[in-house]
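Notes follow the structure.
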Amino acid sequence: MPELEKKTKTIHLRYRPSELEHLDACAEAVGLTRSAYIRRKLQGLPVRPTLCPPVNWKTYKELGDLAAELRAIGNNINQIAKGINTANQLEKPIQYNLPEPKSLSELAEQINLTISLINSNRLEIIGVKETDEKG
C-alpha cells in the first residue's frame with residue numbers, strides 16, 4: 001500500500017464571521033471538520049450527509065448495559081438448569097422450591113430473544129442495518 005502524503009502546507013483565508021458560521025454549520029451537517037469540508041468542496045468531491053443520524057449516546061450505552069445484564073441473568077439460568085439436569089441424571093434429590101428445567105430453558109430463550117431485539121435497536125439508532133454489519 002503506498003504511503004500517504006502528509007498534509008504539511010497551509011492556506012490562510014479570510015472570512016466574515018457570518019460566512020464562517022455558515023461554513024461551520026455546513027461542515028457539521030455532513031459530519032466533517034471545517035478543513036475536510038473545504039478540501040472536499042475545492043476538489044469537487046461529493047459532500048454527503050453523514051450516514052449516522054444524531055444519536056442519544058446515553059440511550060445507546062444504556063441499551064448495551066441492559067443487554068449485558070440480561071446475558072448475565074441468562075447465564076445464571078443456564079447454570080441452574082444444568083445443575084438441576086445433572087442432579088436428575090445422578091438421581092440426587094432436588095430442592096422442591098426450584099423451578100422446572102423446562103421453564104428455565106424457556107425463560108433463557110426469551111432472554112436471548114430480548115437481547116437480540118435490544119442489539120437490533122442499538123444498531124438502528126446509530127443508522128446501521130443488520131445486513132451492513134454482517135456483510
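Predicted model, so just to flag it, every value in this text is computed and none were measured.
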TODO: Using a cut-off of 6.0 Å, state whether more than 12 heavy atoms not belonging to Glu19 lie near its atom CD.
DONE: yes

Are any non-hydrogen side-chain atoms of Ser35 and Arg39 less than 4.5 angstrom apart? yes

Between the CD atom in Gln110 and the CG atom in Leu70, the distance rounded to the nearest 0.5 Å is 11.5 Å

Residues joined to Leu90 in its hydrophobic cluster, side chain to side chain under 4.5 Å directly or through other members, sorted by chain and number, are none

Linking I/L/V/M/F/W/Y whenever any side-chain heavy atoms sit under 4.5 Å apart, do Leu63 and Leu113 land together?
-> no

Rounding to 0.5 Å, atoms CD1 (Ile118) and CD (Glu69) come to a distance of 11.0 Å

| field | Sidechain-backbone polar pair: Arg34 side chain, Ala27 backbone, donor-acceptor under 3.5 Å | value | no

To the nearest 0.5 Å, atom OH of Tyr15 lies from atom NE2 of His22 at 10.5 Å

Quick check: do Leu66 and Glu62 have side-chain heavy atoms less than 4.5 Å from each other? no

Rounding to 0.5 Å, atoms CZ (Arg14) and NE2 (His12) come to a distance of 10.0 Å

In short, Tyr37 meets Val47 closest at the heavy-atom pair CE1-CG1, 3.4 Å

Exercise for the section: Would you check if the side chain of Ser116 reaches a backbone N or O of Asn112 as a donor-acceptor pair within less than 3.5 Å? Expected result: no

Value for CG (Asn78) from CG (Asn85), rounded to nearest 0.5 Å, stands at 10.5 Å

CG of Asn119 to OG1 of Thr114, rounded to nearest 0.5 Å, is 11.0 Å

Test of understanding: clusters of I, L, V, M, F, W, Y form through side-chain heavy atoms closer than 4.5 Å, transitively. Do Leu117 and Ile115 belong to the same one?
no

Same cluster for Leu20 and Leu42 if Ile/Leu/Val/Met/Phe/Trp/Tyr side chains link at under 4.5 Å?
yes

- Item | Path from Leu45 to Ile11 over hydrophobic side-chain contacts below 4.5 Å | no

With sequence neighbours left out, the residues meeting side chain to side chain contact (heavy atoms under 4.5 Å, CB included) with Gln89 are none

